**Q** 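Supplied in structure tokens, the structure appears directly below.
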Amino acid sequence: MSGHGRPGQEPSPPPLAWALLVIAAALVGGLAAAALVHTSLVIAVAVAVVLGAIAVAVFRSPAPERPAPERPAPERPAPGRAGFADPRRQPSSPAPSRGQAGTVVELLPLQTPPGANNSRPAGQSWWDAAAGPPPPPSSAAQRAPAPDLSTYLASTFIAQCPRCGAFRLDARRAPNGWDFHCESCEYIWAWQPGTPWPPVRVMPGRRRESRPPSP
Amino acid sequence: MYERDISRRDPGCVVFLLDRSDSMKQAWGNSRETMAEGAARALNETLLELLFTSQGEPGKARHYFDVGVFGYGLRPVGGGEGVEPAFGGKLAGQPLVALPDLRDNPIAVREMPSVDVGAPPSRVPVWVEAVHGHRTPMCQAVAVAGAHVYEWASAHPDSFPPIIINITDGMVTDSPYEGAGLDEWAQRLVNIQTSDGPALLFNIFLTPAGSAQLVMFPATDRGLPAPGPDLFRISSLLPPPMVANALSAGIPVEPGGRGFGFNADATNLVRFLEVGTKVDVRD
């Protein structure tokens with residue numbers, strides 16, 4: 001691409017060259033006319049230069065801006081589940097393949113959105129700027145009351161296998177409550193909400209294996 | 001703190017830090033997918049769930065959230081090791097994306113087998129692909145994402161604080177990074193705040209071992225092997241709205257429980273992400 005002009009444009013001569021070319025043409029025409037009608041050479045040259053300058057001024061006036069060529073509208077996804085595109089349709093542009101190499105994607109610079117209250121001075125790191133006090137709450141900001149968790153512990157218990165004391169349990173909803181299965185000792189029992197939990201005996205020896213946490 | 005509803009006037013911000021290191025190539029528990037594939041799938045499901053939450057009318061997403069995904073480890077676009085936005089396709093290179101833009105620009109829509117026997121396959125959009133390679137530059141991930149989170153918080157001082165969820169299977173390999181260790185980078189991140197409170201940093205550690213003991217939202221790091229205590233220490237306290245999310249999902253949370261999961265399998269990664277990203281929205 002040339003250093004002059006935008007992509008897609010042909011390079012053009014600089015304006016000074018155009019001006020000199022037009023004035024030279026007018027001068028040649030003026031001299032020819034002076035020879036034909038026997039006019040003063042000085043007058044012929046002066047008229048030719050003036051006409052050439054006028055022509056240059058007219059041609060250099062800005063032309064009306066041409067509209068940019070219209071790009072085809074991007075293909076919109078067809079309605080589907082949640083309005084997503086039909087996978088059977090060919091995408092308008094190929095998606096990058098997994099691990100595609102050689103493609104350069106420019107990371108967009110951080111742009112400050114409109115209304116941003118960004119008081120970070122130039123050169124200051126974000127973490128230094130973030131260490132300041134929090135922004136004051138706006139009067140227009142609406143709050144949602146936090147959920148009441150005060151009764152949470154009173155209504156919750158930790159399920160434990162009555163036979164071996166393990167915590168790795170499978171629970172399935174049953175017609176009259178819950179069916180439990182201990183993954184450690186295979187014990188199966190049922191429990192109804194509102195009834196006491198069966199007495200628990202911690203008997204690690206009844207477990208098939210002990211599974212310490214592993215990284 | 002943590003009392004603001006998400007609205008179009010005061011949208012929320014959810015940022016995922018996705019480990020794309022070489023160890024993510026391991027098979028995940030008893031499943032047939034690698035941890036990289038499982039994490040990408042869970043992430044795509046969570047993004048879709050955010051879109052459903054923000055669906056004002058069928059087929060349209062309201063701008064309730066700005067979402068970012070930063071991969072660390074292999075950089076599939078820039079090459080080599082480092083951190084880069086993980087969205088693909090038309091969103092490639094964009095650090096934070098508004099939900100309507102996310103909705104309109106998946107990389108692909110793929111058919112996934114349904115969990116219900118006999119049901120037709122689901123059509124699931126994909127925004128993030130599974131890749132893996134190199135080491136685990138977690139500090140750099142916090143540094144890069146933090147810059148965008150800071151700019152976002154500056155522009156949305158009345159919003160619910162930004163939520164950052166780090167999904168990893170390994171030990172950090174770039175600490176200290178630019179003179180600061182992982183603890184300090186995490187502290188810098190949660191120093192970012194809106195008028196509703198500090199940013200929230202949650203961490204979930206994946207394990208390839210199918211039989212490993214799962215820990216979700218613990219109040220102590222007692223008994224956890226490395227890197228459990230390190231990740232527990234940098235995880236934010238679970239705020240009341242998310243404690244309520246966990247309880248409604250049947251996950252018990254002790255008082256003082258943190259946004260931290262250890263030895264998660266694919267199912268529990270999805271549950272963890274649901275708890276960490278579900279916030280009430282209004283018009």
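Below, chain A is the first sequence line, B the second, and so on; all start at residue 1. Being a predicted model, the structure only gives us computed values, none of them experimental.
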**Q** Tell me, do A/W127 and B/Y150 make a side-chain contact under 4.5 Å, heavy atoms counted?
**A**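 Of all side-chain heavy-atom pairs linking B/Y150 with A/W127, none is under 4.5 Å.
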**Q** By side chain to side chain contact (heavy atoms under 4.5 Å, CB included), which residues pair with A/D170, not counting sequence neighbours?
**A**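 Side chain to side chain contact (heavy atoms under 4.5 Å, CB included) list for A/D170, sorted by chain: A/H181, A/E183.
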**Q** Look only at the side chain of A/W126 and the backbone of B/R188, and say whether a donor-acceptor pair between them is shorter than 3.5 Å.
**A**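 Not at all, since once roles are kept as given, no pair shorter than 3.5 Å links the two residues.
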**Q** Under a 4.5 Å heavy-atom cut-off, does chain A meet the side chain of B/E184, its backbone, both or neither?
**A**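 Neither part.
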**Q** For A/P134 versus B/T194, what's the shortest heavy-atom pair and its separation?
**A**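 Closest pair (atom of A/P134, atom of B/T194, distance): CB-O, 4.1 Å.
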